[in-house]
Asks: 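So that we are looking at the same thing, I have put the structure below in structure tokens.
So that the names make sense, note that chain A is the first sequence line, chain B the second, and so on, each numbered from 1.
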2 protein chains.
Amino acid sequence: MARRSDHTREELKELILTSASKIIEKEGFSALTARKIAADIGYTPGTLYNVFQSMDGLTLVLNGITLEKLLPVLANSKDSNKDKAPEEIMKAMARTYRDFAINNRERWLMMFKHEISDEAEIPEWFRGKIALLFQPLEDVLKNHFSFKTDAERQIAARSLWASIHGIYFLHETGKLPLLDGKDVCENMTDALIDNCVKGLR
Amino acid sequence: MARRSDHTREELKELILTSASKIIEKEGFSALTARKIAADIGYTPGTLYNVFQSMDGLTLVLNGITLEKLLPVLANSKDSNKDKAPEEIMKAMARTYRDFAINNRERWLMMFKHEISDEAEIPEWFRGKIALLFQPLEDVLKNHFSFKTDAERQIAARSLWASIHGIYFLHETGKLPLLDGKDVCENMTDALIDNCVKGLR
DNA sequence: ACATTAATTAAACACTGTTCAATTATTAGT
DNA sequence: ACTAATAATTGAACAGTGTTTAATTAATGT
């Protein structure tokens, strides 16, 4: 029996999240089970339920961490290209997002596979993290284009983002046949961004 | 014991698919289990495995049917708007796709939740059905715009499609916060299409 | 040292997909 | 018509899953 003073509640939480991340990255989201995590950290499944409400709750926290990893990467991509034309900044950001998706494939896929069970609402803290993610792109739009209202700019940012994501996601899940070429996706998103910028001017 | 002459192999297949569709539409993809289908049609789980290779195989067939339902709906939307400007035809098609997604929500979501296990390839017959889906949009592009190569037109069609899908999908799965307004999605896709058409001219 | 408190566990429950030997129904052959 | 071969169907089992809870064990306060 693991001694209860081996780890504080916080350490335990960290252990679980680290182990879970390891499993996801090695074997994918579908291999993430309570018993596997427990065995890995030297506890039993029940202990997980002392720290997290459910596997669903744990998944949500893990997805939150993924969002937190992505945010600075995107912001940094924006900043290190800030002297270029807006369409070039956005193209660089799109590539950054794609690279993140490829380098963190399983974590990235997990965010879209996971569905909160029983129609439970996505909690506010998580919606907040998603909203933050649009900020870098919104900043670019704010710096280079004019919008009648904030809402319109937010819509433009989300629209462009969802489009780019849509292309990468369908491509990565094998649902865009005939587009196996490596650069095709880049061409698609580049064209999309160019059109979008033309439309905004 | 169900008598083996109660239903031919074909009838049995039909029974299973009908029952599965019913369960999906009522309770969602996650409620679709072998035992539930079997109980519903008066057989035992094992019989399902005589007709389908696995639950995964059954899911793939069901997704194929969904694609087959969607194709004529889209083609019809194109045809009944053929005298309008290309951007209006495409907007109508986008709305048709959205309506299909809403009216067949669980079936639609299922196509993107399902992941073929064990890195097995998506079979050719399924890839073919996906490819067919892009045909109506490709036709519109062919009738109203000129492309250097067929490949370029295919890429344009897939790119626009994936973008529109990306917007609807993220919206419907609650991953586009701050965009709860009913018409916002329409505005987003309309703007996207207008920009795309501007870019193509 | 003892009583209290709290973490940890083992076991159970109700599920899942899947396999396979045994059973049962149908067909073919005599 | 009766039997032998064949094929559909089943029930039981296996190895999993998330989750709950009573019992156990460890740490703490007195």
Asks: Side-chain donor-acceptor contacts of residues 83-92 of chain B below 3.5 Å, not counting sequence neighbours, with atom names and distances?
Replies:
| from | atom 1 | to | atom 2 | distance (Å) |
| --- | --- | --- | --- | --- |
| Lys84(B) | NZ | Asn81(B) | OD1 | 2.8 |
| Glu88(B) | OE2 | Lys91(B) | NZ | 3.3 |
| Lys91(B) | NZ | Asp194(B) | OD1 | 3.1 |
| Lys91(B) | NZ | Asp194(B) | OD2 | 3.2 |

Asks: In whole Å, what is the span from the CD atom of Gln53(A) to the P atom of dT19(D)?
Replies: 9 Å
Asks: What is the distance from OH of Tyr49(A) to P of dT20(D), rounded to the nearest Å?
Replies: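 The distance from OH of Tyr49(A) to P of dT20(D) comes to 7 Å, rounded to the nearest Å.
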Asks: The side chain of Thr44(B) is closest to which nucleotide in this list: dG11(D), dT20(D), dT9(C)?
Replies: dG11(D)
Asks: Looking only at N and O atoms, is any donor in the side chain of Arg35(A) or the base of dG16(D) less than 3.5 Å from an acceptor on the other one?
Replies: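 No pair found.
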Asks: dA7(C) C1' sits how many Å from Glu11(A) CD, rounded?
Replies: 14 Å
Asks: Take atom OH of Tyr43(B) and atom P of dT10(D), then tell me their distance rounded to the nearest Å.
Replies: 7 Å
Asks: Nearest nucleotide by nearest heavy atom, which residue falls closer to the 5' end of DNA chain D, Arg9(B) or Met55(A)?
Replies: Arg9(B)
Asks: Is the closest basic N to carboxylate O distance between Asp150(A) and Arg153(A) below 4.0 Å?
Replies: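 Looking at Asp150(A) and Arg153(A), the cut-off is met.
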Asks: Any side chain to side chain donor-acceptor pair (under 3.5 Å) involving residues 59-72 of chain A? Give me the pairs, sequence neighbours left out, ordered by first then second residue.
Replies: Thr66(A)-Arg107(A), Glu68(A)-Lys129(A)
Asks: On DNA chain D, nearest-nucleotide positions of Pro45(A) versus Pro45(B): which is more 5'?
Replies: Pro45(B)
Asks: Quick one, which residues of residues 12-34 of chain A touch DNA chain C with a heavy atom under 4.0 Å?
Replies: Leu12(A)
Asks: For residues 92-101 of chain B, pull every pair meeting side chain to side chain donor-acceptor pair (under 3.5 Å), keeping only residues two or more places apart or in separate chains.
Replies: Ser77(B)-Thr96(B), Arg95(B)-Glu186(B), Arg95(B)-Asp190(B), Tyr97(B)-Trp108(B), Tyr97(B)-His165(B), Arg98(B)-Glu186(B)
Asks: Output the rounded distance in Å from CG (Leu58(A)) to P (dT17(D)).
Replies: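 It works out to 15 Å between those atoms.
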Asks: With a cut-off of 6.0 Å (strictly less than), are more than 12 heavy atoms of other residues, nucleotides or ligands near NZ of Lys13(A)?
Replies: no
Asks: In whole Å, what is the span from the NE2 atom of His7(A) to the P atom of dA6(C)?
Replies: 21 Å
Asks: Run the side-chain contact (heavy atoms from CB on, under 4.5 Å) test against Ser80(A) and tell me which residues pass, sequence neighbours left out.
Replies: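 None.
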Asks: With sequence neighbours excluded, tell me which residues meet salt bridge (Lys or Arg N to Asp or Glu O under 4.0 Å) with Lys82(B).
Replies: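 Counting only residues at least two positions away or on another chain, Lys82(B) forms no salt bridge (Lys or Arg N to Asp or Glu O under 4.0 Å).
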Asks: Within the structure, does a side-chain N or O atom of Thr47(A) lie under 4.0 Å from either OP1 or OP2 of dT9(C)?
Replies: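 Answer yes for this pair, as a side-chain N or O of Thr47(A) is under 4.0 Å from OP1 or OP2.
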Asks: Whole Å only: how far is the CG atom of Asp56(B) from the P atom of dT16(C)?
Replies: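 The answer, rounded to whole Å, is 16 Å.
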Asks: Leu48(B) CG to dT19(C) P: how many Å, rounded?
Replies: 13 Å
